[in-house]
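In each ligand, atom 1 is the first atom listed, and ligand 1 is the first ligand listed.
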Amino acid sequence: MKVNRRFFLFGTALAARAFQAESSVGTAMIGVGNRGSFLLQGVLQQPNAKVLALCDIKPDRLDKAATTAARDKPATYADWRRVLDRKDVDAVFIATPPYLHSEMAIAAIRAGKHVYCEKPIGVTPAQVRALVEAARGSSKVFVPGQQLRSQKQFQEAVRKVQEGAIGEVLMVKAQRHATADLPHDGTSGDWYFDVNKSGGYLVEQSVHNLDLCNWVIGARPVRACGFGGTQLYKNDPPGRTIYDCGSLTYEYPKGVMMSFTQNVFHPGSMPNGNQYIYVYGSKAGLDLMGSGTAYPLERGGQPVVLAAKRQEDQYAHLAAFYDSITKGTPPPVGITVGAEAALTAILGNQAMMQQKMVNWSDLGVEL
Ligand SMILES: NC(=O)c1ccc[n+]([C@@H]2O[C@H](COP(=O)([O-])OP(=O)(O)OC[C@H]3O[C@@H](n4cnc5c(N)ncnc54)[C@H](O)[C@@H]3O)[C@@H](O)[C@H]2O)c1
């Protein structure tokens, strides 16, 4: 293997990890449903990737994925453990329902694989804790599917906030509303309405928005309280145990507050969009998810576009995973970001479901 100068510049932490320069990365996909099949298309675009194995318990999805990846003639499996037995598989994508992520990712790490694990990395503190321990003990790459971290608009905006463009961050107001619930006919996310499998809407979906909030605030929350419930889709679909709306307050260090709402009945025709993150600083307020514009507090001050909206590469995160394997570049994000994002969502969900203030320290996960 050719070791170049760049390799040494990454320092001791990465020096421990030998990267697979100039060879193909044998890749396996576990879970080829909606997200897994989207990821598979991205994998096939990577110059170093070869799809060796596909796994799903639904034969129709497995067949469809095998057709998509026909170029590489992958083997198909119903049992994910058989995939991990293959010595020629270097990297594993996990895009199964959330409650399976931690167990599958830990087994993949123990089998010596690089792992790209969809978000949330776990739906309980215990699942997150176990995966953190496994990933920290691995010399291989671990990337959680928090792909907003690889979007250039957010990278630029957060960097400018960190440089003081809006002053000190004091408060955040954010929402993730959806114009509809996921289909109730079982065609998509048949696990989604079971809180023990998905973690609920906050954990399964808002984990992206909450991660952006943590990133721009530059911290993880200290505690959370709030209310949630099922207001529109009562027992619909039957047996539903996830909420359809909620309203939360998170407190961060230095008294920074974040107010977050979620629902699945936000009319698409309503103005101002269904998702936003407004970041209020001591000098300006920033529309982080929208135009990337900062609005000065000072009367008569002119708005400044901190980071303009742009066409983002939807596979940038996945490409960075392969770069990390083949070139030794730092992964776009690692286990800590994945764990903080999942735990922030779990914290909020516990506060809503237990109807009490929950402290980060109550979660019992050392990061
Ligand atoms: N990063 C993102 O933006 C994003 C977007 C959508 C979904 N996701 C995440 O991707 C994951 C999957 O979501 P989805 O929408 O694709 O769900 P899905 O139900 O369409 O796909 C999940 C697949 O996993 C398979 N599966 C279930 N148990 C399995 C097992 N034991 N072994 C092998 N396969 C198994 C199912 O048969 C199904 O095909 C979730 O964690 C979700 O949060 C991430």
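- Here the heavy atom of the protein found nearest to atom 6 (C) of ligand 1 is R35 CD, 3.6 Å.
- Considering only heavy atoms from C-beta on, Q314 comes within 4.5 Å of F38 through its side chain.
- For the residue pair T344 and N214, a side-chain donor N or O sits within less than 3.5 Å of a side-chain acceptor on the partner.
- By the 6.0 Å contact criterion, CD on Q354 is enclosed, its count of non-hydrogen atoms from other residues, nucleotides or ligands being greater than 12.
- Looking only at protein heavy atoms, the nearest one to atom 9 (C) of ligand 1 is K119 O, 3.8 Å.
- Residue contact check: G31 has heavy atoms under 4.0 Å from atoms 24 (O) of ligand 1.
- Residue G33 approaches ligand 1 through these ligand atoms, each under 4.0 Å from one of its heavy atoms: 16 (O), 20 (O), 21 (O), 23 (C), 39 (O).
- Distance from atom 12 (C) of ligand 1 to its nearest protein heavy atom, with residue and atom name: A95 O, 3.3 Å.
- Remark: aromatic rings of H184 and F193 are close, center separation under 6.0 Å.
- Relative to atom 31 (N) of ligand 1, the option among M104, Q146, R81, K64 with the closest non-hydrogen atom is M104.
- Checked against a 3.5 angstrom limit, the closest N/O atoms of H101 and ligand 1 fall inside it.
- Of all protein heavy atoms, the one lying nearest to atom 40 (C) of ligand 1 is T96 O, 3.6 Å.
- At a threshold of 4.5 Å between non-hydrogen side-chain atoms, the residues E118 and F93 do not count as touching.
- Listed here is the closest heavy atom pair of S102 and L131: OG-CB, 3.9 Å.
- Regarding atom 17 (O) of ligand 1, its nearest protein heavy-atom neighbour is W191 CZ2, 3.4 Å.
- The distance from ligand 1 to the heavy atoms of G145 drops below 4.0 Å at these ligand atoms: 1 (N).
- For atom 23 (C) of ligand 1, the nearest non-hydrogen atom of the protein is D56 OD2, 3.7 Å.
- The only option from Q175, Q262, Q275 that meets the side chain to side chain donor-acceptor pair (under 3.5 Å) definition with N209 turns out to be Q275.
- For ligand 1, the atoms lying closer than 4.0 Å to a non-hydrogen atom of K58 are 37 (O).
- Identified under the salt bridge (Lys or Arg N to Asp or Glu O under 4.0 Å) test for residues 54-77, with sequence neighbours left out: K58-D190.
- For atom 43 (O) of ligand 1, the nearest protein heavy atom (residue, atom name, distance) is E204 OE2, 2.5 Å.
- For residues 75-85, the pairs satisfying side chain to side chain donor-acceptor pair (under 3.5 Å) are Y77-R86, D79-R82, R81-E103, R82-D85, with sequence neighbours left out.
- Ring pair F321/Y315: centre-to-centre distance not below 6.0 Å.
- Near I57, with a cut-off below 4.0 Å to any heavy atom, the atoms of ligand 1 are 26 (N), 27 (C), 28 (N), 29 (C), 30 (C), 32 (N), 33 (C), 34 (N), 35 (C), 37 (O).
- Residue contacts with ligand 1 for H208 involve side-chain atoms from C-beta outward but no N, CA, C or O (heavy atoms, distance under 4.0 Å).
- Ring orientation note: the planes of Y280 and Y278 are nearly perpendicular, at an angle over 60° on the 30°/60° scale.
- Atoms of ligand 1 found under 4.0 Å from any heavy atom of R61, numbered from 1 in the order shown, are 18 (P), 19 (O), 20 (O), 21 (O), 38 (C), 39 (O).
- Scanning all protein heavy atoms for the shortest distance to atom 27 (C) of ligand 1 gives P97 CD, 3.5 Å.
- The distance criterion of under 3.5 Å between nitrogen or oxygen atoms is met by N34 with respect to ligand 1.
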